[in-house]
Amino acid sequence: MRVRRQKMEALRAKGIDPFGHRFERTHHAREIVDGFQMFEGNTVRIAGRLMAMRSHGKATFADLLDLSGRIQIYAKLDQLGDEAYELFTSLDIGDIVGVEGKVFRTRRGEVTVEITRFDLLSKALRPLPEKWHGLADVDLRYRQRYLDLIVNPEVREVFLKRTAIVRAVRAFLDSRGYIEVETSAMHTIPGGATARPFITHHNALDIDLYLRIALELHLKRLIVGGLEKVYEIGRVFRNEGISTKHNPEFTMLELYEAYADYTDMMNLAEDLIHYVAVQVLGQTRVEYQGAVIDLTPPWPRKTMVEAVRERTGVDFDAIESDEDARAAARRLGVEIDPAASRGKALSEIYEELVESTLVSPVFVMDHPIEISPLAKKKADDPRYTYRFELIMGGREMANAFSELNDPIDQRERFEAQVALRAQGDDEAHRMDEDFLRALEHGMPPTGGMGVGIDRLAMILTNQNSLRDVILFPTMRPRK
RNA sequence: GGGCCAUUAGCUCAGGUGGUAGAGCACCGGACUUUUAAUCCGGGUGUCGCAGGUUCGAAUCCUGCAUGGCUCACCA
């Protein structure tokens with residue numbers, strides 16, 4: 001680093017600005033390499049970061065990296081003259097240069113740009129990580145993601161794919177007539193999910209505000225307002241543990257459609273994810289951590305009771321009391337709160353023993369009412385709700401229901417949650433009078449769905465850690 | 001939060017049983033006009049994560065702490 005600073009000073013002394021200005025490019029590296037026949041002998045202007053230098057005395061090869069990839073450049077003393085050639089050889093790996101030159105192919109067959117002139121656009125004062133092994137230390141990869149992106153090309157691919165996924169989701173929903181909206185990220189009452197919120201403070205109003213834990217309740221207000229089909233792709237914040245599967249801030253898609261129900265949402269989920277896979281991957285079979293997941297619709301639909309019965313042999317249709325349900329859980333080795341209700345026991349068994357075994361996409365439907373305070377209860381069996389979770393790769397990808405639009409029922413559900421909160425469940429939902437008022441104005445029957453964008457990106461890019469699909473995952477500050 | 005593991009040069013890593021720190025890449029100097037993990041010659045650039053302890057002597061053994069990873073728990 002000391003040496004690089006000296007080089008920088010030397011450049012300044014010669015009247016060369018080591019941090020240059022705009023450089024007009026004609027092409028990206030990839031275009032030239034792929035379309036060599038069209039470019040041979042032509043003059044092109046490219047720019048990027050020097051990734052390798054191979055000096056041979058009076059001729060020097062280097063690799064230039066831009067967004068599209070790498071291309072070899074070639075500096076020759078005869079062509080550049082003494083001064084410019086010496087300047088070129090004094091460049092460091094990591095420096096950002098703009099190059100003008102002629103396209104040719106070397107003896108070894110490599111498409112190369114022979115430099116006729118070049119500009120130093122930015123001096124790199126710090127060295128890049130090792131060229132062959134790249135950057136392996138995960139801590140450094142996440143803290144200095146820019147280095148990860150420069151040095152590890154597969155990392156860049158993952159994030160470009162993530163962008164393509166989000167773009168495809170938008171294109172799909174837009175084509176279906178959904179209206180994209182932005183709702184507030186700071187809430188006076190955090191609602192729409194069971195999670196601990198982050199708290200912040202507004203000085204002028206002198207009130208605490210919460211970063212949103214879900215998008216749900218505000219989007220439903222827009223359904224009340226007659227927007228009929230809305231969606232939002234937005235960051236939500238949950239003040240909980242950090243792991244390879246959890247980041248305090250993550251990206252949710254939520255969408256709501258008036259006059260629809262959860263069966264419509266199942267169809268939509270199939271169409272959406274199928275569309276995204278085809279757009280981004282060009283296929284519907286994805287390899288995920290050694291398993292192959294076939295995304296070709298339709299996907300099986302089974303109730304949670306059926307899923308538990310298939311996996312464990314325990315038939316909740318034959319279980320009536322809370323006590324029998326808890327006993328069933330204990331027989332299966334599932335730890336259970338001695339006060340747990342029948343529905344709670346069912347969902348505990350499902351989550352503990354069943355969910356992680358579901359690799360191919362499957363809709364698990366009809367969740368117990370106790371764990372579904374925003375879903376409409378089933379007309380033929382009020383112990384359950386019109387709800388489903390889409391599971392693939394053993395993990396929840398989407399959560400949807402026929403939305404509860406009965407304000408009386410909704411108030412009772414909130415009251416039940418508030419009672420849980422009073423018993424110490426600090427993740428239970430809170431009473432939200434403002435939302436209830438909206439429902440009291442009348443919300444049409446509505447189907448709604450939430451999709452974890454990060455998890456979808458994990459599946460479609462075959463990444464095992466959420467941090468590998470989030471550019472800047474939450475880290476402890478470095479000391 | 002529990003358990004296990006890791007932390008040594010800019011990066012990737014090696015350093016049985018305690019004896020004063022090494023390699024490759026990168027970097028610096030030299031040779032080389034079609035190389036490509038270029039090659040050849042010469043050069044080691046370090047708070048061995050931090051703080052204590054044991055010892056004549058600690059990268060190495062012990063304790064605590066910090067950061068990260070895996071995993072369990074929690075968290076839909």
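Throughout, a chain's letter reflects where its sequence line sits, starting with A, and its residues are numbered from 1.
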Query raised in the report: Taking atom CG of A:D317 as the centre, does the number of heavy atoms from other residues, nucleotides or ligands within less than 6.0 Å exceed 12?
Result: yes
I'd like a table of donor-acceptor pairs (distance under 3.5 Å, sequence neighbours excluded) in which one partner is a side-chain atom from residues 360-369 of chain A, with atom names and distances.
unit_1	atom_1	unit_2	atom_2	d
A:D366	OD1	A:Y262	OH	2.7
A:D366	OD2	A:K378	NZ	2.7

Query raised in the report: Taking CD1 from A:I73 and P from B:U36, how many angstroms apart are they, rounded to a whole number?
Result: 17 Å
Report summary line: Taken in chain and number order and not counting sequence neighbours, the residues that satisfy side-chain contact (heavy atoms from CB on, under 4.5 Å) with A:M475 are A:D139, A:Y142, A:R143
Query raised in the report: Using purine N1 to pyrimidine N3 plus N6-O4 or O6-N4 for Watson-Crick, or N1-O2 and O6-N3 for G-U wobble, both under 3.5 Å, which nucleotide pairs with B:A26?
Result: B:U45
Query - Integer angstrom distance from the P of B:C72 to that of B:G18 - result: 36 Å
Query raised in the report: Which residues in residues 302-309 of chain A have at least one heavy atom lying under 4.0 Å from any atom of RNA chain B?
Result: none
Report task. Look at all strands and tell whether A:L135 reaches a base, only sugar-phosphate, or nothing, counting heavy atoms closer than 4.0 Å. Result -> sugar-phosphate
Query raised in the report: Rounding to the closest angstrom, what is the interatomic distance between B:A59 and B:U20 at atom C1'?
Result: 11 Å
Query raised in the report: After noting the C-alpha distance and the side-chain angles of A:Y256 and A:E254, does the key distance pass the side-chain hydrogen bond (donor to acceptor under 3.5 Å, both in side chains) rule?
Result: CA-CA 7 Å; A:Y256 294 84; A:E254 287 197 29; 2.6 Å; yes
Report summary line: So salt bridge (Lys or Arg N to Asp or Glu O under 4.0 Å) across residues 348-365 of chain A, not counting sequence neighbours, yields A:K344-A:E348
Requested in this report: For A:H218, check side-chain contact (heavy atoms from CB on, under 4.5 Å) against everything at least two apart and list the hits.
Outcome: A:T183, A:S184, A:H187, A:R221
Query - Base versus backbone protein contacts along nucleotides 25-32 of chain B [heavy-atom cut-off under 4.0 Å; B, S, -] - result: BSSS---B
**Report entry** Separation of B:U7 P from A:D139 CG (nearest whole Å)
**Finding:** 14 Å
Requested in this report: With sequence neighbours excluded, tell me which residues meet side-chain contact (heavy atoms from CB on, under 4.5 Å) with A:R330.
Outcome: A:R326, A:A327, A:I336
Query raised in the report: Taking for each residue the nucleotide of RNA chain B bearing the nearest heavy atom, is the 5' side occupied by A:G134 or by A:L77?
Result: A:G134
Requested in this report: Starting at atom OH of A:Y146, determine the distance to atom P of B:G10, rounded to an integer number of angstrom.
Outcome: 15 Å
Query raised in the report: Can you tell me the Watson-Crick or wobble partner of B:U34, both distances under 3.5 angstrom?
Result: none
Requested in this report: Could you let me know what B:C4 is paired to, Watson-Crick or G-U wobble, both distances under 3.5 Å, or none if it's on its own?
Outcome: B:G69
Report task. Provide the distance between the two C1' atoms, one in B:A26 and one in B:G64, to the nearest whole Å. Result -> 37 Å
Query raised in the report: Touch check for A:D137, heavy atoms < 4.0 angstrom, all strands: base, sugar-phosphate only, or nothing?
Result: sugar-phosphate
**Report entry** Protein-nucleotide distance (A:R143, atom CZ; B:U67, atom P), rounded to Å
**Finding:** 9 Å
Query raised in the report: Expressed in whole Å, how much space separates the C1' atoms belonging to B:A73 and B:C11?
Result: 36 Å
Report task. Using a strict cut-off of less than 4.0 Å between a Lys/Arg side-chain nitrogen and an Asp/Glu carboxylate oxygen, indicate whether A:K220 and A:E403 qualify as a salt bridge. Result -> yes
**Report entry** Test item: side-chain donor near acceptor, A:Y85 and A:T60, under 3.5 Å
**Finding:** yes
Query raised in the report: Which parts of residues 99-110 of chain A get close to RNA chain B, meaning a heavy atom less than 4.0 angstrom away?
Result: A:F104, A:T106, A:R107, A:R108, A:E110
Query raised in the report: If you look at every strand shown and take non-hydrogen atoms under 4.0 Å, does A:R141 touch a base, only sugar-phosphate, or nothing?
Result: nothing
What's touching nucleotides 70-75 of chain B from the protein side, N or O pairs under 3.5 Å?
unit_1	atom_1	unit_2	atom_2	d
B:C75	O3'	A:E427	OE1	2.5
B:C75	O3'	A:E427	OE2	3.4
B:C75	O2'	A:E240	OE1	2.1
B:C75	O2'	A:E240	OE2	3.1
B:C75	O2	A:H246	ND1	3.0
B:C75	O2	A:H246	NE2	2.9
B:C75	N3	A:H246	NE2	3.3

**Report entry** Distance, P atom - from B:G22 to B:C27, rounded to whole angstrom
**Finding:** 23 Å
Query - Verdict with reasoning, A:F401 to A:F388, per ring-ring contact (aromatic ring centres under 6.0 Å, His included) - result: CA-CA 6 Å; A:F401 13 100; A:F388 72 81; 8.9 Å; no
Report summary line: As its Watson-Crick or G-U partner within any shown strand, both distances under 3.5 Å, B:G16 has none
Query raised in the report: With the threshold set at 4.0 Å, does a side-chain nitrogen-carboxylate oxygen contact exist between A:R342 and A:D322?
Result: no
Requested in this report: Write down the distance between CD1 (A:I150) and P (B:G10), rounded to a whole number of angstrom.
Outcome: 18 Å
**Report entry** Separation of the C1' atoms in B:U17 and B:U60, to the nearest angstrom
**Finding:** 10 Å
Requested in this report: Please identify each residue that fulfils side-chain contact (heavy atoms from CB on, under 4.5 Å) with A:I189, with sequence neighbours left out.
Outcome: A:R430, A:D432
Query raised in the report: Can you find a side-chain donor-acceptor pair between A:N399 and A:R387 that sits under 3.5 Å?
Result: yes
Query raised in the report: So, are A:R156 and A:D148 salt-bridged, with charged N and O less than 4.0 Å apart?
Result: no
Query - Below 4.0 Å: OP1/OP2 of B:A38 and any side-chain N or O of A:R54 - result: yes
**Report entry** Distance, rounded to the nearest Å, where A:L140 contributes CG and B:C13 contributes C1'
**Finding:** 14 Å
Report task. Summarise protein proximity over nucleotides 40-49 of chain B in one line of letters, 5' to 3': B for base, S for sugar-phosphate only, - for none, counting protein heavy atoms closer than 4.0 Å. Result -> ----------
Query - Any strand: nucleotide that pairs with B:A9 via Watson-Crick or wobble, under 3.5 Å - result: none
Report task. Return the nucleotide paired to B:C61: Watson-Crick means purine N1 to pyrimidine N3 with N6-O4 or O6-N4, wobble means G-U with N1-O2 and O6-N3, both under 3.5 Å. Result -> B:G53
Report task. Write down the distance separating the P atoms in B:U45 and B:U7, rounded off to the nearest Å. Result -> 23 Å
For residues 5-14 of chain A, run the donor-acceptor check on the side chains, cut-off 3.5 Å, and write out each pair with its distance to 0.1 Å, sequence neighbours left out.
unit_1	atom_1	unit_2	atom_2	d
A:K7	NZ	A:S90	O	3.2
A:K7	NZ	A:D92	OD1	2.7
A:K7	NZ	A:D92	OD2	3.4

Requested in this report: State whether the number of non-hydrogen atoms from other residues, nucleotides or ligands found under 6.0 Å of A:R309 atom CZ is greater than 12.
Outcome: yes
Report task. Grab the CG-C1' distance between A:D63 and B:U35 for me, whole Å please. Result -> 10 Å
Requested in this report: Before accepting this row, confirm whether a basic side-chain N of the pair A:R212/A:E232 lies closer than 4.0 Å to the acidic partner's carboxylate O.
Outcome: yes
Query raised in the report: For the pair made of OH in A:Y74 and P in B:A38, what is the distance, rounded to whole Å?
Result: 16 Å
Query raised in the report: Does A:D409 pair with A:K377 as a salt bridge, N-O distance under 4.0 Å?
Result: yes
Query - Same-atom distance (P) from B:C48 to B:G10, integer angstrom - result: 11 Å
Query raised in the report: Do A:Y210 and A:F237 have ring centres separated by under 6.0 Å?
Result: no
